[in-house]
There are 2 protein chains.
Amino acid sequence: MRPTMMDVAQAAGVSLKTVSRVVNREQGVRTTTLRSVQEAIQELGYSRNEHARVLRQNRASRMLGLVTRDVSNPFYSAIARGVEEEVRDRALLVIAGSSDEDAERERALLEVLCERRVGGLIVAPTGSDHSFLAPELALGTPITFIDRPPWRLAADSILLDNVGGARDAVEHLLAHGHRRVALVGDLPEVFTTSERVRGYQTALRAAGLPVDEALVRLGCHDTRSAEAATRELLSLPEPPTAVFAGNNRITFGVLRALAGRARPPALVGFDDFELAPLLSPPVTVVAYDAVELGRQAARLICERLAGASGPPRQIVVSTEVVPRGSGEVGP
Amino acid sequence: MRPTMMDVAQAAGVSLKTVSRVVNREQGVRTTTLRSVQEAIQELGYSRNEHARVLRQNRASRMLGLVTRDVSNPFYSAIARGVEEEVRDRALLVIAGSSDEDAERERALLEVLCERRVGGLIVAPTGSDHSFLAPELALGTPITFIDRPPWRLAADSILLDNVGGARDAVEHLLAHGHRRVALVGDLPEVFTTSERVRGYQTALRAAGLPVDEALVRLGCHDTRSAEAATRELLSLPEPPTAVFAGNNRITFGVLRALAGRARPPALVGFDDFELAPLLSPPVTVVAYDAVELGRQAARLICERLAGASGPPRQIVVSTEVVPRGSGEVGP
DNA sequence: TTGAAAGCGCTACCAA
DNA sequence: TTGGTAGCGCTTTCAA
């Protein structure tokens, strides 16, 4: 059996309360007593039961729940990293789970995390109704949405400047003389997709160019479909001279479609990636600090935990075009 | 205040025990009673307190602790993914933390996880003494080490075939006619480094070639130092005609050093990466299934939780050379 | 400086 | 089919 404080107390010949004092580093324990209790703890391999503490203190556990669409995706693992960095010194742990873009699974994960009485929740959401979190929010658990806003729930959110980033990318291509700029994008119902499409349209309209629907290929949710869509674009009677890729998966698909072509179209991709500078040509991207996204989310949670009230906040993280070569070739 | 079972009971006009039955889906509750309790639960936004359950049932919490060196590193996030996939159906959650290669931090994380009464621990270790985990192990908490073996502790481990993978890589280069094969490696005190060095030496010796220390550059813990080491190798009076890179960070550094060179040496890197096929030339690597590594670790934990006893097990995951171009050029 | 006792929210056990 | 009660391991409060 696992030793309890009572076991330690008996081994050390003191009362349970004295052991509690030692374990919690409280003042007012004679040095000799302290020593003998510490020895008993060592001897028995005692480890304090956090569940009993949480229960007795009737508080949240020192854990944050982080629900993303896939922990192994570099975007979300960077967020996880940022969250962890930010809460590390506050002795908070992170429980991370993947929804796999399944709203049911997302909900199940979030509910289980609430049963665990997490101190806060950070969600990169998939579902389209988060109203089931309203009671938890009302009870004081801070919840921050990241990458996409909450639906049917008034909660904090950290978003990228999707419109601005996409607009900058397309303007960058236009500035290099392109007039036929294609967009390869993810599922149109996804928040970030529709925002980036808006940015794309905004840039074209500001330049007095029409939005040619033949050059807009949405619904590419994986590398393969992005590759196929790009091949289709390139075999049009009037192919685009430049491509804007809506996210990193799509950029990889576009790159596969362009591989080996003598004179590939210009390319700017949303999302940076480590090897972008090593490709030929090096890939121009819309970059941002994904780790910072996680840090900001965690910071917001911590502020709320520290008592900050007030209406939901929305923080928009800026993006930046990083020219590397692929986006600076002419038509 | 957060509602308890007692609050629900009062709202529904039943006893606490009846609410417990409903919450736990026990048989023997009249349909009308069931309904009214469910309504009260909905009304109050009740959520069961998992800490109270764990305490009362005197069991481990349904959580696994996962301590890696950096959650945002693709290798470890793939492991996290594998662990999660494997335990998902068993309703286990994963608490993930990064040690940042700091043994003290690793120890602190592991101890906090034990206080949380995790059902099992998976560790990609940094420290060189894990004997402090002995009491926890003795109390029945399964612990699996991954990527590197435990030190001063008899516990399960999941390792890569580091020697075999490195040997295969070098043999692959030798088979293409190389006689001067360099090794760029991580810190020599790291387990995987020394194993891979052994594999490198084994391959050379088996081919009757000397191990030329001038061609062995260890201590490269980041991309930058690997790049510098590679530049040094290339400016030797007798430069290598092929390079074996000891891990993915090093491969990236080597690639940076080779970028733009008219006739780069052959290259095989340990660790696969998504963009390897898209580089020019595409990069030949020693590949393995990192997600499977995590799955195996979780499987081992689950078997132990299900009662499997016996001496520590060691599982070695095989590797495979994936030829893509960079490793198939002659000297 | 130390100890005794109540009780956090829940489940297990027994009773009705 | 339902309810009462003890107690999980700890912290809190009060007393010695």
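A, B, ... follow the sequence lines: proteins, then strands. Residue 1 opens every chain.
- Note on B:Val23: nothing from the nucleic acid sits closer than 4.0 angstrom, heavy atoms only.
- Residue B:Arg35 is tested with B:Val37, B:Thr31, B:Thr32 for a side chain to side chain contact (heavy atoms under 4.5 Å, CB included); the sole match is B:Thr31.
- In this structure, B:Arg53 does not reach the C:dC10 phosphate: none of its side-chain N or O atoms is under 4.0 Å from OP1 or OP2.
- Between the P atom of D:dC14 and the NZ atom of A:Lys17 lies a distance of 13 Å, rounded to the nearest Å.
- Contacts of B:Val54 with the nucleic acid, taken as non-hydrogen atoms under 4.0 Å apart, are absent.
- Annotation: of the two residues near DNA chain D, B:Gly13 and B:Asn58, the 5′-most nearest-nucleotide partner is B:Gly13.
- Classification of the A:His51-B:His51 ring pair by plane angle, with boundaries at 30° and 60°, yields tilted.
- Spacing between atom CZ of B:Arg35 and atom P of D:dT2 amounts to 13 Å, rounded to whole angstrom units.
- Of the N and O atoms on the side chains of B:Asp70 and B:Ser72, at least one donor lies less than 3.5 Å from an acceptor on the other residue.
- Atom P of nucleotide D:dT2 and atom CE of B:Met5 are separated by 16 Å, given to the nearest angstrom.
- The backbone N or O of B:Arg21 lies less than 3.5 Å from no partner atom in the side chain of B:Asn24, so there is not a single donor-acceptor pair.
- Atom CD in A:Glu50 sits about 10 Å away from atom C1' in D:dC10, given to the nearest Å.
- Nearest-nucleotide positions on DNA chain D place B:Gln27 closer to the 5' end than the other of A:Met1 and B:Gln27.
- Residue A:Thr33 has a polar side-chain atom (N or O) positioned under 4.0 Å from OP1 or OP2 of C:dT2.
- Mapping A:Arg117 and A:Thr18 onto DNA chain C by nearest heavy atom places A:Thr18 at the nucleotide closer to the 5' end.
- Within 6.0 Å of CZ on B:Arg59 lie more than 12 heavy atoms contributed by other residues, nucleotides or ligands.
- In the displayed structure, B:Glu189 atom CD is contacted under 6.0 Å by more than 12 heavy atoms of other residues, nucleotides or ligands.
- Here the nucleotide nearest the side chain of A:Thr4, chosen from D:dG9, D:dT11, C:dT11, is D:dG9.
- Summarising the geometry, the separation between CZ on A:Arg116 and P on C:dG9 is reported as 18 Å, rounded to the nearest angstrom.
- Along DNA chain C, the nucleotide nearest to A:Ser15 and the one nearest to A:Arg56 differ in position, and the one closer to the 5' end is contacted by A:Ser15.
- Distances shown here put every side-chain N or O of A:Gln57 at or beyond 4.0 Å from the OP1 or OP2 atom of D:dC10.
- Distance CG (B:Leu55) to P (C:dA12): 13 Å, rounded to an integer number of Å.
- For A:Ser20, the side-chain atoms get nearest to D:dT11 when compared with the rest of C:dC10, D:dT11, C:dT2.
- OP1 or OP2 of C:dT11 has at least one side-chain nitrogen or oxygen of B:Asn24 nearer than 4.0 Å.
- Note: CD (B:Gln10) to P (C:dG9) measures 12 Å, nearest angstrom.
- Regarding A:His51, its NE2 atom lies at a distance of 17 Å from the P atom of C:dG9, rounded to whole Å.
- When heavy atoms are screened at a 4.0 angstrom cut-off, B:Arg21 is found touching base atoms of the nucleic acid.
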